[in-house]
Amino acid sequence: MANTAAGTDGPRRRVPSKDAAPEVPVGTRWLNGDERAAWLANSAIMISLPAALDARMQREAQLTFFEYMVLSVLSEQPEHTLQMSELAARTAASLSRLSHVVGRLEKRELLTRARIPGPGRRTNAILTEAGYEVVAAAAPGHVAAVREYLIDELEPHELTALRRIGTAVDAAIKRAQT
């Protein structure tokens with residue numbers, strides 16, 4: 001596919017017209033065949049895996065994958081409590097998205113929110129006993145899905161590479177955000 005971010009051909013000049021797509025900047029570093037194949041395979045992980053985990057989690061535990069991740073992170077914290085901003089960071093969510101989901105989970109009495117005393121608007125999310133029971137019951141199904149869709153499909157050296165790749169990508173994203 002020429003002139004696309006995932007294309008392999010170099011940029012071509014286009015004759016400008018009212019309906020023409022914008023010109024591709026000269027000097028764009030196009031992906032070669034191997035890079036494009038790696039990118040598309042990774043895109044499948046980024047798009048298909050969360051969708052599959054979400055569908056299965058909803059079917060088996062009546063939770064979205066993101067709701068499960070919120071409850072799971074809280075279940076691993078001392079006193080099952082974490083400041084909302086830290087919970088957002090650990091689940092790679094905006095505070096707005098997290099607040100919306102936490103509101104739904106509060107209505108189900110799976111967690112509560114409590115303002116942190118002192119200056120500023122700081123709030124803790126606190127996993128309830130019912131929330132802990134729900135996440136503990138959902139965890140075996142989640143682990144089974146992760147194994148089925150990813151872990152058991154890879155050789156030990158591939159798992160090592162996947163961990164290294166994930167760590168490098170996460171670091172690059174964090175560098176770009178600062």
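Quick caveat: nothing in here was measured; it's all calculated off a predicted structure.
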Tyr149 reachable from Val146 in the ILVMFWY side-chain graph, under 4.5 Å edges = yes
Would you say the side chain of Thr81 lies within less than 4.5 Å of the side chain of Leu74, judging by non-hydrogen atoms?
-> no
Throw together a table of side-chain donor-acceptor distances under 3.5 angstrom for residues 85-94, partners on residues two or more places apart or in other chains.
| residue | atom | partner | partner atom | Å |
| --- | --- | --- | --- | --- |
| Ser85 | OG | Gln83 | NE2 | 3.4 |
| Glu86 | OE2 | Arg90 | NE | 2.7 |
| Glu86 | OE2 | Arg90 | NH2 | 3.4 |
| Arg90 | NH1 | Gln77 | OE1 | 3.1 |
| Thr91 | OG1 | Leu87 | O | 2.8 |
| Thr91 | OG1 | Ala88 | O | 3.4 |
| Ser94 | OG | Arg97 | N | 3.0 |

Pairwise side-chain contact, Leu71 with Leu127, heavy-atom cut-off 4.5 Å (strictly under) | yes
Heavy-atom side-chain contact between Met84 and Asn124 under 4.5 Å = no
Look at the side-chain heavy atoms of Ile, Leu, Val, Met, Phe, Trp and Tyr, link any pair under 4.5 Å apart, and say whether Tyr132 and Val134 land in one connected group.
-> yes
Tell me whether Val169 is reachable from Leu162 by hopping between hydrophobic residues (I, L, V, M, F, W, Y) whose side-chain heavy atoms are closer than 4.5 Å.
-> no
Linking I/L/V/M/F/W/Y whenever their side-chain heavy atoms sit closer than 4.5 Å, directly or via other members, would Leu95 and Ile126 fall into one cluster?
-> no
In one Ile/Leu/Val/Met/Phe/Trp/Tyr side-chain cluster, 4.5 Å: Met46, Leu40 = yes
Is Arg56 salt-bridged to Glu148, going by a charged N under 4.0 Å from an acidic O?
-> yes
If you take all heavy atoms of Ala145 and Leu53, which pair is closest and at what distance?
-> CB-CD2, 3.7 Å
Please round to the nearest 0.5 Å and tell me the distance separating atom CG of Leu111 and atom CZ of Arg104.
-> 11.0 Å
Side chains of Arg147 and His142: closer than 4.5 Å at any heavy-atom pair?
-> no
